[in-house]
Amino acid sequence: MIKIQIPATSANLGAGFDALGLALNFYNYVEMEESDVVDIQSLDDIQVPQDESNLIYISAKDLFNVCGKKISGLKIRQTNNIPMARGMGSSSACIVAGLVGANKLLGDPLSADDLVDLAAQIEGHPDNTAPALLGGIVTAVFDGQKVHWVKQEVFTKLKFVTIIPDFELKTEKARACLPKEVSHKDAVYNLSRAALFSASLLTGKFENLRTGVHDKLHQPYRMALIPNARDVFDIAYNHGAYAAYISGAGPTIIAIVDENNKYFTGKMRFSLDNAGLRGWEVRENHIDNQGTKII
Ligand code: HSE
């Protein structure tokens, strides 16, 4: 069996809707080998589809098809540390695992660029799939066929504190609440902040991050789908976060925090408990610069 390690991801980063994403240092694991039957099991207590509707299997099959190879089955074993439907890239992790695993089984016929393109075609947007594959912070434009991307490794003294609620929010629902059209003014509001965010993160001008995560394309609409989100933002800023934003389609909220703010996570936990938000889990994470790898 080959074993694949796939990082969690956080997309959008505030204003960079469908364009910016980064990888985080907690991981799903997928073991895979060729088989004559579809044999899929979860190695933890998370229920996953065990038939051909499994997203890892679908993605592996897509790669076999692209390479002109027949697939009669696969043995897949999944360990699912990335919480599902929380805006942490669990679907992208499955897609990427299927593609990277199948590519390995076939002797690596496809390049990293090919995998980034194929993953975006399956998912529909590249801002989770590309950082899951590549690691670091990824800026990506998907033209419908091809992804034009830049990966940058990040070595800043920042932690990305994930504040994960105990309820799911499906991406379809979180996209359905968005307006079909936005004003020119709102478009400029976002593109200027997305550019400011990545330039500031990469040059260490962290005092700009709070402005950089402000957005008029998705977060104002999604806040209504995440009860108590406003309180979580306020608590994070009160404890000195540089910035806080809805991760991907939500409902997880990420606080970007200086490493020197040593007790942020404990203070966050304490304040959430005091506010009656015991169901929200707080995890301290960092950027993963490596992306998906066979281990
Ligand atoms: N950019 C996507 C969204 C990420 O916000 O809907 C979730 O897949």
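The shown structure was predicted, so the numbers you read here are calculated from the model rather than taken from an experiment. Counting convention: from 1, in listed order, for ligands and their atoms alike.
- Residue Gln219 places no heavy atom under 4.0 Å from ligand 1.
- Of the protein's non-hydrogen atoms, the one nearest atom 8 (O) of ligand 1 is His125 CE1, 2.8 Å.
- Under a 4.0 Å criterion applied to the non-hydrogen atoms of Asn128, ligand 1 contributes the atoms 4 (C), 7 (C), 8 (O).
- Contacts between Glu172 and ligand 1, counted as non-hydrogen atom pairs separated by less than 4.0 Å, are absent for every part of the residue.
- Checking Thr9 against Asn128 by side-chain atom types alone, a donor-acceptor pair falls below 3.5 Å.
- The cationic atom of Lys159 (NZ for Lys, CZ for Arg) does not lie both less than 6.0 Å from the six-membered ring centre of Phe264 and within 45° of the ring axis.
- With ligand atoms numbered from 1 in the order given, ligand 1 contributes 3 (C), 5 (O), 6 (O) to contacts under 4.0 Å with heavy atoms of Phe17.
- Nearest non-hydrogen protein atom to atom 6 (O) of ligand 1 is Arg175 NH1, 2.6 Å.
- Linking Ile, Leu, Val, Met, Phe, Trp and Tyr residues whenever their side-chain heavy atoms come within less than 4.5 Å leaves Leu202 and Val138 in two separate clusters.
- Checked by atom type, the side-chain pair Ser10/Ser247 shows a donor-acceptor distance below 3.5 Å.
- Taking every heavy atom of Asn12 and a limit of under 4.0 angstrom, the matching atoms of ligand 1 come to 1 (N), 3 (C), 5 (O).
- For the pair Arg193 and Phe197, the cation does not sit on the ring face, since its NZ or CZ is not both under 6.0 Å from the ring centre and inside 45° of the axis.
- Using a 3.5 Å distance cut-off with no hydrogens or angles, the side chains of His214 and Gln219 do not pair a donor with an acceptor.
- Ligand 1 has a nitrogen or oxygen under 3.5 angstrom from a nitrogen or oxygen of Asp127.
- For ligand 1, the atoms lying closer than 4.0 Å to a non-hydrogen atom of Asp18 are 1 (N), 2 (C), 3 (C).
- Note on ring orientation: taking the six-membered ring where Trp is involved, the planes of Tyr242 and Phe206 are tilted (angle from 30° to 60°).
- For ligand 1, the atoms closer than 4.0 angstrom to any heavy atom of Arg222 are 3 (C), 5 (O), 6 (O).
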